[in-house]
Protein chains: 2
Amino acid sequence: MIDLPDTASPLYEKVKDYILTNIGTGRWGKDRKLPSENELVASLGVSRMTVHRALRELTAAGFLIRLQGVGTFIAPPRPQSTLIEINNIAAEIVERGNRHRSEVLVLETIMPTKELVLSFEFAKRVPIYHSVVVNFENDLPVQLEERFVNPSLIPDYDKQDFTRTATYDYLMQKTPVTEVEHIISAIPADKETARHLGIDVGSCCLLLHRRTWTGAVVATISKLTYAGSRYSLGSRYSPSGTN
Amino acid sequence: MIDLPDTASPLYEKVKDYILTNIGTGRWGKDRKLPSENELVASLGVSRMTVHRALRELTAAGFLIRLQGVGTFIAPPRPQSTLIEINNIAAEIVERGNRHRSEVLVLETIMPTKELVLSFEFAKRVPIYHSVVVNFENDLPVQLEERFVNPSLIPDYDKQDFTRTATYDYLMQKTPVTEVEHIISAIPADKETARHLGIDVGSCCLLLHRRTWTGAVVATISKLTYAGSRYSLGSRYSPSGTN
DNA sequence: CACGGTGAAAAGTATATACATGTATGTATA
DNA sequence: TATACATACATGTATATACTTTTCACCGTG
């Protein structure tokens, strides 16, 4: 029977520490397989639920991998995935020390097209909010922002003054985002877009398509068009939080 | 008694969804206080441990704040930064079930231009590796990849066969990346690019500029050009790992 | 040898129960 | 009036138990 330290911290934390220490010192490093829950129960003298909680939290934190029916293993060092951060354009502009202004072209309630109903994953056709806003950086239009908003999650969207609060800020304030989908592509500007952004028809634009979820419900669908010559999405990122 | 959806997901997940939805729709938004565990037990007809697990996980994910003896509250909205994951193009193509092939156009050692010396943050001018590769998805060229590589970190870059190993894979294997910088923009294809990607001069392309660091040293500089009509960067992301 | 069944072992989920600990509030007493 | 105590209620932790789901190894049969 192994003794856990006699500190004030809760038992499952002690178990977590015990496991992390054993991983760190390589005691289980051989085939990278940990003792089973029941073995830990026997060797540590705590209940299975407590061991389970410790293992579950370490798994959520990325230290372990668990396979039902097989066992618990030390996770391989994190596979590299490089990330890009997409920020609130209003905040970005202000952060660069420039002036942000927006112009509301459309703010209305519409019946969604069949496509939109599908994108929203609606069971039936219900009215949604629709807004089109142009964002300016120092009086130069840089982004055309079209949004479709689920009224069941954000009820008063159509009554806001988006020349004062950015649409993004309002949405973030109103509903928690649990999931985000992004698609970035490059497209030539159509007549409408060109007019609003003050660029030539056919010139290159960045198109950022975004869907956000709150729980299982699609909250917003956005089409953000950036004048390619005036804007780029940038980020600097430390994969493993080394800072 | 409230009915939870009759899906396959475990009960605590349904409870989490139920709570997130109620937060999203603002049903509890008034004083931002949630029903107590015991109230949820009564209204949902599940055990307290199950409710507790749901609440604990949502708290860990940053949606809730809990105070012992007081109650559970909706957390203030986080400063949201949405992330896009940029993957290895070869792996992405294979994952879609398509065939990946690459053609090496250039693989050489060069003296860097003054601009590159600055980008690499070199103190003096030293030779670097330079490669240009076209990546094909089912024999359709989708990405033109130009890389400049720091030889002090990746010594044998110029001796590799990049029709077999993707440049990305080789680099990731050779040196740990501690930091990544990305800039995405939309540009018209120049003559050279158009020729390699088999598209018209002036048609829209996604340009992804990337620098990677190993410690304080710039390891690679890449210029990835995607045919705008054939490729888009996509991602789906859960801000706080709620899944 | 190939195939399928069967059971053991592992993690996953759900519940009932108990007690611990922290907070707010109301009440009795000095 | 002010302090101390009792109490109710909130979340936090720990256990015992039971059942489910998945995987794997073993074994017998064709």
Side-chain angles (χ1 to χ4, degrees), chain A residues 1-19 22-23 28 30-76, chain B residues 1-19 22-23 28 30-75 241-243:
Chain A
M1 179 91 85
I2 289 153
D3 276 330
L4 295 172
D6 191 16
T7 59
S9 63
L11 200 43
Y12 68 88
E13 288 291 350
K14 292 182 202 167
V15 175
K16 283 168 73 173
D17 283 344
Y18 169 76
I19 293 167
N22 275 347
I23 292 176
W28 293 331
K30 190 128 130 182
D31 49 354
R32 311 186 76 74
K33 175 162 186 178
L34 266 63
S36 75
E37 291 189 355
N38 284 322
E39 285 166 351
L40 287 172
V41 165
S43 67
L44 297 178
V46 300
S47 79
R48 192 188 146 215
M49 287 306 287
T50 301
V51 169
H52 182 73
R53 175 167 176 182
L55 290 170
R56 181 154 43 77
E57 292 187 359
L58 289 176
T59 304
F63 292 104
L64 303 175
I65 292 174
R66 315 196 75 195
L67 296 176
Q68 191 174 155
V70 184
T72 303
F73 303 85
I74 300 172
Chain B
M1 183 89 87
I2 289 152
D3 277 330
L4 295 172
D6 192 16
T7 59
S9 62
L11 201 42
Y12 68 87
E13 287 292 349
K14 291 182 201 164
V15 175
K16 283 167 73 173
D17 280 344
Y18 169 76
I19 292 166
N22 275 347
I23 292 175
W28 295 330
K30 190 124 134 187
D31 50 354
R32 311 187 76 71
K33 176 163 185 178
L34 267 63
S36 74
E37 291 189 356
N38 283 322
E39 285 167 350
L40 287 172
V41 165
S43 68
L44 297 178
V46 301
S47 79
R48 191 187 145 216
M49 288 307 287
T50 301
V51 169
H52 182 73
R53 175 168 178 182
L55 290 169
R56 179 153 45 77
E57 292 188 359
L58 289 177
T59 304
F63 291 106
L64 302 176
I65 292 175
R66 315 195 75 193
L67 295 176
Q68 190 173 153
V70 183
T72 303
F73 303 85
I74 300 173
T242 353
N243 322 357

Between C1' of C:dA14 and CD of B:Glu57, the distance in whole Å: 14 Å
C:dA30 - base-pair partner by Watson-Crick or wobble geometry, distances under 3.5 Å: D:dT1
Measure across A:Gly62 and A:Ala75 and return the closest heavy-atom pair with its distance rounded to 0.1 Å. O-CB, 3.4 Å
What heavy-atom pair brings B:Trp28 and B:Pro35 nearest, and what distance separates the two atoms? CE2-CD, 3.6 Å
Relative to the 5' end of DNA chain D, which residue comes earlier, A:Ser9 or B:Glu37, by the nucleotide with the nearest heavy atom? B:Glu37
Phosphate OP1/OP2 of D:dA10: any B:Thr72 side-chain N/O under 4.0 Å: no
When you measure from the centre of the six-membered ring of A:Phe73, is the NZ or CZ of A:Arg32 closer than 6.0 Å and no more than 45° off the axis? no
Testing the basics here: between A:Leu64 and A:Thr59, what is the closest heavy-atom pair and its distance to 0.1 Å? O-CG2, 3.6 Å
Salt bridge (Lys or Arg N to Asp or Glu O under 4.0 Å) assessment of A:Glu13 paired with A:Arg53: CA-CA 9 Å; A:Glu13 288 291 350; A:Arg53 175 167 176 182; over 6 Å; no
Does B:Glu39 use its side chain to pair, donor to acceptor, with the backbone of B:Ser36 at less than 3.5 Å? yes
A:Leu34 CG to C:dA10 P, in whole Å, measures 13 Å
Is any side-chain N or O of A:Arg53 closer than 4.0 Å to OP1 or OP2 of D:dT13? yes
Taking atom P of D:dT13 as reference, at what distance in whole Å does atom CZ of B:Arg56 sit? 8 Å
Tell me what B:Leu67 touches on the nucleic acid: a base, only sugar-phosphate, or nothing, going by heavy atoms under 4.0 Å. sugar-phosphate
Can you measure B:Lys33 atom NZ to D:dC9 atom P for me and round it to whole angstrom units? 12 Å
What are the residues of residues 38-52 of chain B, sorted by number, that bring a heavy atom to within less than 4.0 Å of DNA chain C? B:Val46, B:Ser47, B:Arg48, B:Met49, B:Thr50
Identify the two heavy atoms, one from B:Leu55 and one from B:Glu37, that lie closest to each other, and give their separation to 0.1 Å. CD1-CG, 3.7 Å
For C:dG12, does OP1 or OP2 lie under 4.0 Å from any side-chain N or O of A:Arg66? yes
Atom-to-atom span, CG of B:Leu64 to C1' of D:dA10 - whole angstrom: 15 Å
Once you round it to whole Å, what is the distance between P of D:dT13 and NZ of A:Lys14? 12 Å
Spacing between A:Gln68 atom CD and D:dC19 atom P, to the nearest angstrom: 17 Å
Check this one for me: any side-chain N or O of A:Tyr12 less than 4.0 Å away from OP1 or OP2 of D:dT13? yes
